[in-house]
Amino acid sequence: MADKHGSLSINSENIFPIIKKWLYSDQDIFVRELVSNGCDAITKLKKLEIMGEYSFPDDYKSEIQVVVDPEAKTISFTDNGIGMTFEEVDEYINQIAFSGAADFLSKYKDKTNEDQIIGHFGLGFYSAFMVADLVTIDTLSFAEGSVPVHWECDGGTDFSMSEGSKDTIGTTITLHLSEDCLEYSNEYRVREVIEKYCSFMPVPIYLSKANAEQEFETIDASDIRDDDVVVERFTEEAKTEEKENENGEKEVVEISPAKDKAKINKRPVSLNDTNPLWTKHPNDCTEDDYKEFYRKVFHDYKEPLFWIHLNMDYPFNLKGILYFPKINIEYESIEGTIKLYNNQVFIADNIKEVIPEFLLLLKGVIDCPDLPLNVSRSALQNDGFVKKISDYITKKVADKLTGLCKTERESYEKYWDDICPFIKFGCLKDEKFYDRMKDCLLFKNLDHKYLTLADCIAANKPEDENEKAEEQTVEAADAETEDASAEDKKEKDPVVIYYVTDEVQQGQYINMFRENNMDAVILPHNIDTPFISLLEGKDENLKFQRIDADLTDSLKEEVSEEELKETTEALTELFKKALGKDHLELKVEKLKNKAISSMMTLSEENRRMQDMMKMYGMTDPSAFGDSNTLVLNANNTLVQYLTDHKDSEHANMICEQLYDLALLGHQPLTSEQMSKFIARSNEMMLLLAK
């Protein structure tokens, strides 16, 4: 073989600066690219063996060896794959962006497919120049009669090729690191990078340090393998212990028999799992397998609630596992991680083009060899195919959840509090997801019983409407008359579903509801405000109202406005003066519960506006004025006393106390309000003690 010297066949001499600075977003990605190339070389050789064009030696074990050498300032990658001939090095390496993988698939297109072939663009090798001043290749092809090839390049457009000295089939790529990239000659740094990008690549990866001292381990002699290097064989003596027998006499008892042992060179341990759980069929995976994989990948020792195993071959190849962790906190604080792989090669976390935004609250892995990646394999090319993948994932998640609701309702209810923020977020973000999930949306009532939306609507229909429904059932034959049709067209009263956001803070209102056999649902998350607005938008006859938005007629005695007009005017004037609030809204009502003296209400519209302000970081509710309404109970003894003793020296104090009591049941007091409330309470108790 004649030596050859020349220039790389490229269109621009500026290609290397482009590769170094712009092709890859992360410098450490060169490890992924070179290990991927090694995996491809081994995969090609295995495919040739399957096609009968090559036979492996009996002791063949596919592997990739990564060796760091801090003294020489190098890192090398060695595979025992297909190797390259002189002509192939010239074609695949010297012609930038000529893909060896694509060429291989083209040659054997009738005998193989591209499953598990990672490379496509022919650029991965050149990522080595991001960290190296000099790169060498030593390779020997599997082809009979091949001679070894040595190639080197210093990062310019000039290279040299000559006959090499490699005597085993495969390829070694050695990087002579730049001074500012010497971290990659550190064993621990490279281990970190391999675990980041290559944890699940399909070929075992081994990492070692050049010239490191040999380490040893001791094993049972019966466990010696053919590839073990035995340093010493010996017998471990039996272990004995002096014990007292049943007669009270001491005797020596053997607690462990003698064992034949062997000291061997420490066995290398691969850094990756070549058969990750998502590549297996769901029927072959146990519950413990799923939990162990979750702990290993996400370092989360809280068990996931449940999971979905994605396994699809048509119309595209996609596998993965999505885990539902406990997310019973406000949705904006949740941080999930969906790891995206391409043929077991890590691409990125949370690529939104593939994974719907609301699914990013979950944790999981998705492997799709069919993804249309860009040349750096770090992002997606625009492709309608990606939308199909995203839609498929959404459908599978919805199918899993609806299936749980219908067939395992008890389990679904157990999970609901944890997963409801995710489901509601999904409904807000994806119309199709909402359509699939709408019948499986649950609401927890005051007795902590779970109801569907249909259950809630049925329980809160106005009485006359319920009676009408009963009449229509009895007289079904007459329901299709013109008069009945005209009746149906009349505007219906909206169905009002009352809700609670804080069971402690709104405890007074809850007690009033219970006393009057009324119910409400519990909606404690920030996401519930836009969510119930979505539901109202879907049904114009549906309305959600927080229990402290207004006092329903069921909680009050029937009384005319005229009867309480004079009292309302007098107390309004008194409270405005005592509190210094000229714009105070005050109502006087006769509540059925006489023990309640004062309450605060806030209209549903204003409260939702304030909630939306908080979501967007606008925490000052005063921007909409003081929109709370103070409600005084005319049936309460203290309010009656105040009505009859407006000129009392303690009237102002009572007004302030009633106002703060009402506020306490509505929202937390500020530190200043709380200090005044405590001081005033102490003063009132002293008056009672006199």
Side-chain angles (χ1 to χ4, degrees), residues 446 500-516 518 520 524 546-552 555-557 559 563-564 566-602 607 610 621-622 626-690:
L446 297 178
V500 174
T501 56
D502 188 324
E503 290 180 87
V504 175
Q505 192 74 50
Q506 293 145 27
Q508 179 176 233
Y509 302 87
I510 292 173
N511 290 336
M512 291 175 62
F513 266 54
R514 288 187 184 279
E515 289 167 1
N516 288 274
M518 296 177 65
R546 204 166 85 170
I547 59 174
D548 58 354
D550 199 359
L551 292 171
T552 68
L555 306 177
K556 300 182 290 187
E557 293 181 4
V559 62
E563 187 178 336
L564 295 174
E566 184 178 338
T567 303
T568 300
E569 291 174 352
L571 290 178
T572 299
E573 183 180 349
L574 177 62
F575 271 79
K576 283 183 177 180
K577 181 179 178 182
L579 300 174
K581 294 179 178 291
D582 294 336
H583 301 290
L584 177 70
E585 290 289 332
L586 185 145
K587 284 184 180 180
V588 178
E589 304 279 7
K590 283 195 172 184
L591 303 182
K592 293 178 180 179
N593 188 333
K594 297 181 180 181
I596 296 172
S597 57
S598 59
M599 302 181 73
M600 197 71 71
T601 62
L602 173 65
R607 190 197 63 75
Q610 290 185 12
S622 62
D626 189 358
S627 51
N628 292 340
T629 299
L630 176 64
V631 179
L632 298 175
N633 183 9
N635 280 336
N636 178 262
T637 304
L638 186 57
V639 175
Q640 291 171 352
Y641 171 84
L642 197 59
T643 304
D644 297 335
H645 300 83
K646 292 186 290 291
D647 299 326
S648 168
E649 60 178 308
H650 303 305
N652 285 354
M653 183 189 297
I654 295 172
C655 289
E656 291 172 348
Q657 194 74 354
L658 286 173
Y659 183 82
D660 282 355
L661 284 170
L663 208 55
L664 267 173
H666 182 71
Q667 65 189 42
L669 297 180
T670 65
S671 58
E672 183 181 356
Q673 287 172 327
M674 182 58 75
S675 297
K676 289 181 178 180
F677 177 76
I678 292 172
R680 192 185 315 116
S681 298
N682 287 330
E683 185 179 350
M684 294 179 78
M685 285 189 288
L686 283 173
L687 289 173
L688 288 171
K690 289 180 181 179

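- Contact detail for S597 and V639: the closest heavy-atom pair is O-CG2, 3.5 Å.
- Distance alone, capped at 3.5 Å, is enough to place a donor-acceptor pair between the N636 side chain and the L638 backbone.
- Residue A634 comes nearest to L564 through the heavy atom pair CB-CD2, 4.1 Å, listed as atom of the first residue, atom of the second, then distance.
- With rounding to the nearest 0.5 Å, the separation of NZ in K592 from CD in E515 is 10.5 Å.
- Scanning for side-chain contact (heavy atoms from CB on, under 4.5 Å) contacts around L579 gives F575, K581, L584, E656, Y659, with sequence neighbours left out.
- No donor-acceptor pair closer than 3.5 Å links the side chain of N516 to the backbone N or O of L555.
- Contact record, Q506 with I547: O-CD1, 4.0 Å, taken as the closest heavy-atom pair.
- Here the shortest heavy-atom pairing between Q657 and S681 reads NE2-OG, 2.9 Å.
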Exercise for review: List the steps and the verdict of side chain to side chain contact (heavy atoms under 4.5 Å, CB included) for N593 and N511.
Suggested key: CA-CA 10 Å; N593 188 333; N511 290 336; over 6 Å; no
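- Not one N or O on the side chain of D548 forms a donor-acceptor pair closer than 3.5 Å with the backbone of Y509.
- Within a 6.0 Å radius of NZ in K576, more than 12 heavy atoms belonging to other residues, nucleotides or ligands are found.
- Here CD of E589 is found 11.0 Å from CE of M599. Values are rounded to the nearest 0.5 Å.
- The closest side-chain heavy-atom distance from F677 to L663 is not below 4.5 Å.
- Closest approach of L602 to N628, counting heavy atoms only: CD1-OD1, 3.5 Å.
- Judged purely by atom type and a 3.5 angstrom limit, K577 has no side-chain atom pairing as donor or acceptor with the backbone of L574.
- A distance of 10.5 Å separates OG1 of T567 from CG of L632, quoted to the nearest 0.5 Å.
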Exercise for review: Please assess N682 against L686 for the test side chain to side chain contact (heavy atoms under 4.5 Å, CB included), listing each intermediate value before the final yes or no.
Suggested key: CA-CA 6 Å; N682 287 330; L686 283 173; 5.6 Å; no
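- Without hydrogens or angle criteria, N652 side chain to A578 main chain gives no donor-acceptor distance under 3.5 Å.
- Considering only heavy atoms from C-beta on, V588 stays 4.5 Å or farther from E566 through its side chain.
- Once rounded to the nearest 0.5 Å, the distance linking CD1 of I510 with CG of D502 reads 8.0 Å.
- Atom CD of E557 is separated from atom CD of E563 by 9.0 Å, given to the nearest 0.5 angstrom.
- The salt bridge (Lys or Arg N to Asp or Glu O under 4.0 Å) search around E649 returns none, not counting sequence neighbours.
- In terms of heavy atoms, L669 sits closest to D660 at CD2-O, 4.2 Å.
- S671 is linked by a side-chain contact (heavy atoms from CB on, under 4.5 Å) to nothing, counting only residues two or more places apart in sequence or in another chain.
- Taking CG from L630 and NZ from K587, the interatomic distance works out to 11.5 Å, rounded to the nearest 0.5 Å.
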